Protein chains: 2
Amino acid sequence: MPHALPVLDTAAASCCSPITGGVIADHDAAALAAKFKAMGDPTRVKLLSMVAASGGGEACVCDLNESLDLSQGTVSHHLGLLVKAGLLTRTKRGTWSYYALVPGALPALAETLQV
Amino acid sequence: MPHALPVLDTAAASCCSPITGGVIADHDAAALAAKFKAMGDPTRVKLLSMVAASGGGEACVCDLNESLDLSQGTVSHHLGLLVKAGLLTRTKRGTWSYYALVPGALPALAETLQV
DNA sequence: ACCTTTCATTGACAATCGTCGATGATTGGG
DNA sequence: CCCAATCATCGACGATTGTCAATGAAAGGT
């Protein structure tokens, strides 16, 4: 390739190593960020942990509420965010609401962090 | 166990399955949430991806800047947040700044998401 | 010595977030 | 039929966030 632009060439050589590939697409970056954002709050991390650790993989709001020292409305709000992010599911049985992990959601996220 | 409190017992049986254990401690929840929060923005996810995909594991700001359609100051701000969160390191060489992944930081996070 | 380049930092602004109290919607029981 | 319990939703508030334009700091080249 004759007539390459020498100015650009030397500039690149002196400073920048090109991004070699594997850079995430905009759409995927947004989707990933949305899930991480949902986990970017201590209360929601604790909620996920409680649900994951609860027997049968399900937890009732009455459990989650009383061990969090937050108003009931606030806890409900956090749970709603986790559902909207695709990390939890909500099932109403009678008067009670039960939350469970979306199967595979957290492992799928973990995958994106592996080398 | 005689003399268990029947009211509490039946209440628990009708509603709540107890958190069986393994619930994350407050301090750990906060630490985890801080890292996830740092990844809870599309721009920062792309930055991490670019650094991870760059040759030699290092990326210069001049690279990162020009492919992001954001002001230089904004990109620098995001990079600073990722450094503060313990996900990236910054090394100045001459006029240029190079960012690299903190070794093991992302795999450690991935570990916390595994079943 | 000056000027340019590279990058971090500051100040400012709108937008979003976490929280609460209060209200609303369902369900179950007397 | 009404009442109590469970939980979601709403309105409001202070605090934090993402962004930019502008400025500051340090290094290199001429």
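All values reported here derive from a predicted model rather than from experimental measurement.
- C:dA8 atom P lies 13 Å from atom OH of B:Y98, rounded to whole Å.
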Check nucleotides 17-20 of chain D against the protein and report each pair of N or O atoms closer than 3.5 Å, with its distance, or say if there are none.
{"from": "D:dT17", "atom 1": "OP1", "to": "B:K37", "atom 2": "NZ", "distance (Å)": "3.1"}
{"from": "D:dG18", "atom 1": "OP1", "to": "B:R44", "atom 2": "NH1", "distance (Å)": "3.4"}
{"from": "D:dG18", "atom 1": "OP1", "to": "B:R44", "atom 2": "NH2", "distance (Å)": "3.0"}
{"from": "D:dG18", "atom 1": "OP2", "to": "B:R44", "atom 2": "NH1", "distance (Å)": "3.3"}
{"from": "D:dT19", "atom 1": "OP2", "to": "B:H78", "atom 2": "NE2", "distance (Å)": "2.3"}
{"from": "D:dC20", "atom 1": "OP2", "to": "B:S71", "atom 2": "N", "distance (Å)": "2.9"}
{"from": "D:dC20", "atom 1": "OP2", "to": "B:S71", "atom 2": "OG", "distance (Å)": "3.3"}
{"from": "D:dC20", "atom 1": "OP2", "to": "B:T74", "atom 2": "OG1", "distance (Å)": "3.0"}

request  = Check the pair B:L47 / B:L68 against side-chain contact (heavy atoms from CB on, under 4.5 Å), numbers first and verdict last.
outcome  = CA-CA 9 Å; B:L47 284 171; B:L68 271 183; 3.6 Å; yes
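- One atom, NZ of A:K46, and another, P of C:dG18, lie 16 Å apart when rounded to the nearest Å.
- Rounded to a whole Å, the NZ atom of A:K92 is 8 Å from the P atom of D:dC7.
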message = As a quick check of understanding, evaluate side-chain contact (heavy atoms from CB on, under 4.5 Å) for A:Y99 and A:V61, giving each step before the final call.
response = CA-CA 8 Å; A:Y99 286 87; A:V61 178; 3.4 Å; yes
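- Evaluation of the side-chain contact (heavy atoms from CB on, under 4.5 Å) rule for A:A52 yields A:L101 as partners, not counting sequence neighbours.
- With rounding to whole Å, B:N65 atom CG is found 15 Å from C:dT5 atom P.
- Atom P of nucleotide D:dA26 and atom CZ of B:R90 are separated by 12 Å, given to the nearest angstrom.
- Between B:K84 atom NZ and C:dT9 atom P the separation is 10 Å, expressed in whole Å.
- Salt-bridge annotation for B:E58 and B:R93: present, with a side-chain N of the basic residue lying under 4.0 Å from a carboxylate O of the acidic one.
- Ionic pairing of B:K37 and A:D41 is not present here: no N-O contact between side-chain nitrogen and carboxylate oxygen is shorter than 4.0 angstrom.
- Rounded to whole angstrom, the span from the CH2 atom of A:W96 across to the C1' atom of C:dG28 amounts to 8 Å.
- The two residues B:M50 and B:S67 have their closest heavy-atom pair at CE-OG, 3.6 Å.
- In this structure, A:S76 reaches the bases: a heavy-atom distance under 4.0 Å links it to at least one base atom across the strands shown.
- Following rounding to the nearest Å, B:Y99 (OH) and C:dA8 (P) show an atom-to-atom distance of 4 Å.
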